[in-house]
Amino acid sequence: STFAVFENRREMKKKVSLFLTALSCAVGAVAASEINSVQVAEVHGNVTAHKHRTDNNEYTRFRMGGYGEAVASFKDYGINRYYGNPNGNTRVHRNTISIPRFVLAMDYKFSPKWILSAEIEFEAGGTGSAMELENSENGEYETEMEKGGEVALEQFHITRLIHPAFNVRAGHMIVPVGLTNAHHEPINFFGTVRPEGETTILPSTWHETGIEFFGTLGKGYTTFDYQVLVVAGLNANGFDRNTWIASGKQGLFEEDNFNSPGYVFRVDYRGVPGLRVGGSFYYCANTAGNSDKPNFYEGQKAPLRIYSGDLQYKNDYVTARANVVYGSLSNSKFISSKNVRLSNNASYSRVVPVAKNAVSYAGEVGVNLRSIFNHNPKVPVIYPFARYEYYNPQEKGEAGQTMDLRNKVSMWVAGLNWFALPNLVVKADYTTRQIGTGKMFGTGPYTSENEFSIGLAYICLLYTSPSPRDTR
């Protein structure tokens with residue numbers, strides 16, 4: 001109706017106004033603060049250090065912080081590359097604006113050795129405040145409207161600090177598989193949105209309930225951090241064609257199935273200043289065993305293995321990152337034959353086939369302009385950057401499965417990150433995706449997808465309280 005059209009326009013104007021207001025605040029902030037490249041590097045480093053700190057330096061009873069991001073995009077492609085056009089997506093100009101996530105984080109230290117931590121994420125405005133388009137469902141390529149947004153308890157755990165080499169954490173925690181899950185705060189990647197490859201084939205942010213053992217081994221050039229987790233395993237009901245196992249994270253019900261746990265191991269080498277090299281492994285012996293209905297897969301098993309490697313090098317002049325993820329799902333053909341028959345009342349996509357193998361790899365590099373100009377304080381801290389990604393949630397199927405080429409994506413992202421403050425960054429980038437090809441350069445057989453985006457991201461400490469005296 002005409003009224004609905006005016007309401008939609010008014011709502012869009014409100015969102016644009018809020019976004020521009022936030023952007024203006026960021027622009028004004030730079031006049032009130034002098035920053036340098038070292039400060040930016042320190043802020044980046046502290047984000048990671050906060051996660052697994054095992055010492056009592058700068059100890060506080062309570063602290064509260066958070067992070068968030070806002071993005072506006074201007075696109076030249078439609079909403080569905082799988083339906084209605086044999087060449088892939090339609091060539092349609094459309095614009096979007098969103099607040100992908102707003103996160104509040106809290107730590108409370110009962111004593112220097114016992115720590116309670118919580119992190120709450122408001123995604124896309126929170127539950128019920130947004131609508132999202134479901135572009136593929138039930139094996140047919142329909143466009144439907146469903147409730148969007150969510151409020152998620154991303155972390156809620158208690159940590160017992162025992163020794164720098166061995167500590168224990170129990171509760172709801174991040175699963176550190178891949179570069180993005182382990183370092184998911186928005187100032188830890190250059191793009192206006194999280195890296196697309198990893199977040200397509202893996203849950204993001206991936207958080208599960210379980211127990212973790214972690215610590216730091218060695219010293220100097222032989223320093224390693226490690227994490228070992230036993231958590232709720234993925235549920236094969238959520239596996240599909242377009243996102244592989246990314247939608248298999250449990251959490252739809254009050255209780256998660258723990259019939260087949262997920263086992264995670266991660267190690268990070270930090271012996272060289274500015275360099276971090278990491279690797280992780282995930283194993284679930286039977287994702288079918290965590291199905292909503294116990295006998296849905298008729299006793300068949302579906303083991304899952306995920307391997308990932310990543311690195312980051314950062315100094316005063318350059319920041320470089322790279323990552324690769326490779327996964328293998330056994331019995332994927334049988335899982336596909338069952339998932340297409342899931343109930344229409346279930347919240348799963350039911351789009352098949354689910355592939356046996358999925359892959360993603362990427363690399364990015366950014367250069368600090370202020371450092372190039374001899375750290376001149378009159379030069380803003382701006383990082384021009386470029387990023388390449390390849391990913392395919394249908395890299396390879398089992399015998400008899402037909403993979404869809406439209407899931408094979410080769411993409412470039414180039415843009416700027418302006419650190420108006422050490423923990424506040426204004427981003428702009430241009431993305432071009434080539435569909436149906438694995439070539440780094442050139443074009444694919446389907447319509448390319450291009451967009452220009454601007455974004456705002458921050459991470460901050462809102463409050464910290466005095467230290468307690470109890471040292472037990």
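This structure is a prediction, so every number in the text was calculated from the model and none was measured. Computation of the quantities below employed the complete heavy-atom set of this structure, encompassing side-chain atoms and omitting hydrogens, waters and symmetry-equivalent molecules.
- At least one donor-acceptor pair closer than 3.5 Å links the side chain of T437 to the backbone N or O of K439.
- Closest non-hydrogen pair, H207 versus L153, comes out as ND1-O, 3.7 Å.
- For the residue pair E198/Y391, the side-chain donor-acceptor check at 3.5 Å is not satisfied.
- Legend: residues meeting side-chain hydrogen bond (donor to acceptor under 3.5 Å, both in side chains) with Y326, ordered by chain and number and at least two apart, are N357.
- In this structure, OH on Y348 lies 4.5 Å from CG on N235, to the nearest 0.5 angstrom.
- In plain terms, the two heavy atoms of T243 and S247 that are nearest each other are OG1-OG, 3.4 Å.
- A centroid separation of 6.0 Å or more is found between the aromatic rings of F265 and Y226.
- Residues L116 and W114 form no side-chain contact, since every pair of their non-hydrogen atoms from C-beta on lies 4.5 Å or further apart.
- Under a cutoff of 6.0 Å and an axis angle of 45°, R321 and F385 do not form a cation-pi pair.
- The structure places CE of M106 at 6.5 Å from CZ of F62, a figure rounded to the nearest 0.5 Å.
- Under a 3.5 Å cut-off, the side chain of T432 and the backbone N or O of W412 do not form any donor-acceptor pair.
- When atom types are taken as modelled, the side chain of N257 and the backbone of N290 share a donor-acceptor pair closer than 3.5 angstrom.
- Between the side chain of N374 and the main chain of N376, no donor-acceptor pair closer than 3.5 Å is present.
- Y282 contributes atom OH, which lies 6.5 Å from atom CD1 of I306 (distance to the nearest 0.5 angstrom).
- Residue Y430 qualifies as enclosed at atom OH: its count of foreign heavy atoms under 6.0 Å is above 12.
- Cation-pi check for R169 over F214 is met; the charged atom lies under 6.0 angstrom from the ring centroid and within 45 degrees of its normal.
- Judged by distance alone, the side chain of E212 and the main-chain N or O of Q227 form no donor-acceptor pair under 3.5 Å.
- In this model, a donor atom of one side chain and an acceptor atom of the other lie less than 3.5 Å apart for N407 and Y82.
- In terms of modelled atom types and a separation under 3.5 Å, the side chain of R61 and the main chain of F110 share a donor-acceptor contact.
- The two residues P445 and G436 have their closest heavy-atom pair at CD-O, 3.5 Å.
- Side chains of D310 and H183: a donor-acceptor N/O pair is absent below 3.5 angstrom, by distance only.
- Although no hydrogens or angles enter the test, the distance criterion places no donor-acceptor pair under 3.5 Å between the side chain of W244 and the main chain of N392.
- For the residue pair D429/T192, the side-chain donor-acceptor check at 3.5 Å is satisfied.
- Judged by the 6.0 Å distance and 45° axis criteria, R63 is not positioned over the aromatic ring of Y108.
- Minimum interatomic distance between Q250 and G233 (heavy atoms only, all atoms of both residues): NE2-O, 2.7 Å.
- Residues F156 and T209 form no side-chain contact, since every pair of their non-hydrogen atoms from C-beta on lies 4.5 Å or further apart.
- Distance alone, capped at 3.5 Å, is enough to place a donor-acceptor pair between the N181 side chain and the W206 backbone.
- Counting heavy atoms from C-beta outward, V228 and V264 have side chains that stay 4.5 Å or more apart.
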request  = Could you check N368 against Y317 for side-chain contact (heavy atoms from CB on, under 4.5 Å), going step by step and ending with a plain yes or no?
outcome  = CA-CA 5 Å; N368 184 354; Y317 296 88; 5.6 Å; no
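- With values rounded to the nearest 0.5 angstrom, I245 atom CD1 is found 7.5 Å from I201 atom CD1.
- A distance-only check finds no donor-acceptor pair linking the side chain of N89 to the backbone of E449 [under 3.5 Å].
- Here CG of L424 is found 10.0 Å from OH of Y458. Values are rounded to the nearest 0.5 Å.
- Looking at D225 and R266, no side-chain N of the basic residue comes within less than 4.0 Å of a carboxylate O on the acidic one, giving no salt bridge.
- Looking at every heavy atom in both residues, Q434 comes nearest to G444 through OE1-N, 3.3 Å.
- E121 places no side-chain N or O within donor-acceptor distance of the main-chain N or O of E154, the cut-off being under 3.5 Å.
- No side-chain heavy atom of F122 sits less than 4.5 Å from a side-chain heavy atom of I99.
- Here the CZ atom belonging to F190 is positioned 10.0 Å from the CZ atom belonging to R387, to the nearest 0.5 angstrom.
- Using a 4.5 Å heavy-atom threshold, the side chains of R101 and Y67 count as touching.
- Using a 4.5 Å heavy-atom cutoff, the side chains of P384 and L416 are in contact.
- Contact check for V365 versus T319: no side-chain heavy atoms found under the 4.5 Å cut-off.
- Looking only at side-chain heavy atoms (C-beta outward), H184 and I174 come within less than 4.5 Å of each other.
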ask   = Does the pair Y446 and K408 meet the rule for a side-chain contact (heavy atoms from CB on, under 4.5 Å), with working shown?
value = CA-CA 10 Å; Y446 299 96; K408 180 183 284 190; over 6 Å; no
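- In this model, no donor atom of one side chain and acceptor atom of the other lie less than 3.5 Å apart for D240 and N339.
- Ion pair R91/D76 flagged as a salt bridge, since at least one NZ, NE, NH1 or NH2 atom sits closer than 4.0 Å to an Asp/Glu carboxylate oxygen.
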task = Begin with the C-alpha distance, continue with both residues' side-chain angles, and end with the deciding distance and a verdict on side-chain contact (heavy atoms from CB on, under 4.5 Å) for Y77 and R94.
result = CA-CA 7 Å; Y77 58 93; R94 60 191 180 93; 3.5 Å; yes
query = Would S349 and N242 satisfy side-chain contact (heavy atoms from CB on, under 4.5 Å), going step by step from the backbone distance to the final call?
reply = CA-CA 9 Å; S349 76; N242 301 336; over 6 Å; no
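- Under the side-chain contact (heavy atoms from CB on, under 4.5 Å) rule, Q394 has a single partner from L405, V354, D404, which is D404.
- Judged by distance alone, the side chains of R194 and T205 do bring a donor and an acceptor atom under 3.5 Å apart.
- R433 and E451 are joined by a salt bridge, as a carboxylate oxygen and a charged side-chain nitrogen come within less than 4.0 angstrom of each other.
- Here the shortest heavy-atom pairing between L179 and A322 reads CD2-O, 4.3 Å.
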